[in-house]
Structures are given as C-alpha cells and as structure tokens.
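Start at 1 and go down the list; that is how both ligands and their atoms are numbered.
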Amino acid sequence: MEDFSELIKNRRSMRKFTDEELTQEQVVTLLKAALMSPTSKRSNSWQFIAVDNKEQLQQLAHCKEHAASFLGDVALAIVVTADPLASDVWIEDASIASIMIQLQAEDLGLGSCWIQVRERHTAAGMPSDEFVRGVLDIPLQLQVLSIIAIGHKGMERKPFDEEHLQWEKIHINKFGGE
Ligand SMILES: Cc1cc2nc3c(=O)[nH]c(=O)nc-3n(C[C@H](O)[C@H](O)[C@H](O)COP(=O)(O)O)c2cc1C
C-alpha cells in the first residue's frame, strides 16, 4: 500500500498497456473499490460491467471519435453506469466510483484511464452511450457515464509535479481572499 499522498501524486492517466492479464484477485479488489464508493442517500445508483473479452474490448475502442482507441489493448474495462431513477445525482455517484476504481488500480500498481462516454459521440456521430449500450446489452434505465480502462502499465509516467499546482484557484474564507 502506497502512502495516500504519494498514490495521488503517482496516479497519471495510462493509455499504453502490456499484454499481461490481471489476476482474479486484482479484478475482485477493483470491483470491491467500486462497490464501496459513497453515494448520495446510500442509493448505490450505479451498476458496473467488467469487460475482459477481447472482442468486446475491440468494439468498445470505437465508442468515441477520439481518445478511446487504446481500449482494444487493455486487460480490463469497467463500464460505469447508473440509474437516474435511483438517484437525482447519479452523475456524482458514478463519477466518484470511477475515480475510486482508478485510485485502487494505482494502489495495485496498475495503470488506468477514464474514458468519458456521457455527452460524447462516435466518429459516425452516434451518441457514445448508445453505442456502448448496444455492444454490452445495457438496459435502457441505466445511463453510461464512463469506461475505466485498466491494465499493467506499458510506459512510465512522471508523478504530478507539485510545482504546477494552481494555488491561485484556492480562495481563503471568500472568493479572492488571501
Ligand atoms: C471526466 C473525465 C473525462 C476524461 N475523458 C477521457 C477520455 O475520454 N479519454 C482519455 O484518454 N482520457 C480522458 N480523461 C483523462 C484526462 O485526460 C486526464 O485525467 C487529464 O489529462 C490529466 O492527466 P493525468 O490523469 O495524467 O493527471 C478524462 C478524465 C476525466 C476526469
């Protein structure tokens, strides 16, 4: 277990992966992190689809015009969906679960990347959520927020550089306050 401050500094988006598969234990650990994510009013409005089937991963790589093609090379994709009828703040619930999965992946020494699905489109102009729904048979009541791509890191990335922290975005006591 990394020190948490180090973990958040080291988590950088990974878009290049090795061929190594994940162990069943790693997959279970990642899914447990998703299921332990906090939700408003404990609605647990999310549902997760774990995809390790290469054919489906190749298909999902086309879910948006840009920045999803590496999905074809990952060991695991966790598709994060939520039910708007179960919570009016399903986007927040699903977003928190998405980052919890990413932080758990980093703690396991794995690389991950958030792929945005909501409000995105395929190269042909189809809404990305409809495309993903079709590939994975997702029922209509669930909205697709993101796909978290996970695998063994295929390159090194520098940790976050604290020199670049935007302290000017922090306001003390009132906006613009010192
Ligand atoms: C809401 C959200 C949507 C994102 N969508 C994508 C995406 O579709 N494809 C992608 O490659 N990266 C995506 N990212 C990753 C960001 O590009 C990345 O987090 C950002 O550039 C900062 O880099 P870092 O994660 O390495 O610190 C997304 C991140 C967030 C939080």
Side-chain angles (χ1 to χ4, degrees), residues 2-18 30 33-34 37-40 45-52 56-82 84 87-136 138 142-170:
E2 275 183 70
D3 170 71
F4 187 70
S5 310
E6 286 302 307
L7 187 142
I8 52 177
K9 221 154 91 172
N10 288 333
R11 185 227 47 86
R12 301 298 315 281
S13 295
M14 183 56 55
R15 301 180 179 88
K16 198 168 164 24
F17 300 90
T18 71
L30 289 160
S37 303
T39 56
S40 170
S45 62
W46 24 241
Q47 301 224 22
F48 307 97
I49 303 150
V51 183
D52 64 358
Q56 278 162 318
L57 289 169
Q58 291 287 352
Q59 283 180 274
L60 290 176
H62 299 286
C63 73
K64 49 192 281 186
E65 189 169 6
H66 303 293
S69 55
F70 53 91
L71 261 177
D73 307 324
V74 302
L76 178 72
I78 300 181
V79 180
V80 181
T81 76
S87 175
D88 55 347
V89 291
W90 67 271
I91 297 175
E92 287 84 345
D93 291 348
S95 298
I96 291 166
S98 298
I99 193 65
M100 290 280 275
I101 295 166
Q102 286 200 274
L103 292 175
Q104 180 61 75
E106 178 61 37
D107 193 47
L108 290 168
L110 301 170
S112 73
C113 191
W114 178 316
I115 294 168
Q116 181 69 18
V117 174
R118 194 181 72 85
E119 298 290 348
R120 296 290 180 266
H121 292 85
T122 66
M126 180 182 189
S128 298
D129 57 346
E130 265 181 45
F131 181 91
V132 174
R133 185 186 303 288
V135 174
L136 303 176
I138 299 171
L142 294 175
Q143 296 290 321
V144 184
L145 179 98
S146 68
I147 301 177
I148 307 302
I150 305 162
H152 287 271
K153 297 177 184 179
M155 63 178 285
E156 276 204 27
R157 290 216 55 196
K158 286 199 179 125
F160 201 89
D161 181 358
E162 290 199 36
E163 293 291 314
H164 291 146
L165 289 178
Q166 295 176 302
W167 284 105
E168 69 277 14
K169 297 206 170 174
I170 305 289

Identify the protein heavy atom lying closest to [atom], giving its residue, its atom name and the separation to 0.1 Å.
atom	result
atom 7 (C) of ligand 1	Trp114 O, 3.3 Å
atom 8 (O) of ligand 1	Lys64 NZ, 2.5 Å
atom 26 (O) of ligand 1	Ser13 N, 2.8 Å
atom 27 (O) of ligand 1	Arg12 NE, 3.1 Å
atom 9 (N) of ligand 1	Ala67 O, 2.9 Å

Using side-chain heavy atoms (C-beta onward) and a distance below 4.5 Å, is [X] in contact with [Y]?
X	Y	result
Lys9	Glu162	yes
Ile49	Ile138	yes
Arg11	Pro159	no

Within ligand 1, which atoms have a heavy atom of [X] less than 4.0 Å away?
X	value
Cys113	10 (C), 11 (O), 12 (N)
Arg11	24 (P), 25 (O), 27 (O)
Phe70	11 (O)

Exercise. May I ask whether Arg157 has any heavy atom positioned less than 4.0 angstrom from an atom of ligand 1?
Key: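 It does, in that a heavy atom of Arg157 comes within the 4.0 Å cut-off of ligand 1.
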
Self-check item: Contact with ligand 1 for His66, non-hydrogen, under 4.0 angstrom
Solution: no

Should the proximity of [X] to ligand 1, defined as any heavy atom under 4.0 Å, be assigned to the side chain, the backbone, both, or neither?
X	answer
Arg15	side chain
Phe160	neither
Ser95	neither

State whether the side chain of [X] and the backbone N or O of [Y] hold a donor-acceptor pair below 3.5 Å, judged by distance alone.
X	Y	answer
Thr81	Val144	no
Asn10	Glu6	yes
Ser87	Val89	yes
Lys64	Gln116	yes

Quiz item: CG of Asp88 to CG of Asp93: how many Å apart, nearest 0.5 Å?
Solution: 9.0 Å

Exercise. For atom 2 (C) of ligand 1, decide whether some protein heavy-atom distance is shorter than 4.0 Å.
Key: yes

Quiz item: Between Ser45 and Thr39, does any side-chain donor sit less than 3.5 Å from a side-chain acceptor?
Solution: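 Ser45 vs Thr39: no donor-acceptor pair found between side chains.
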
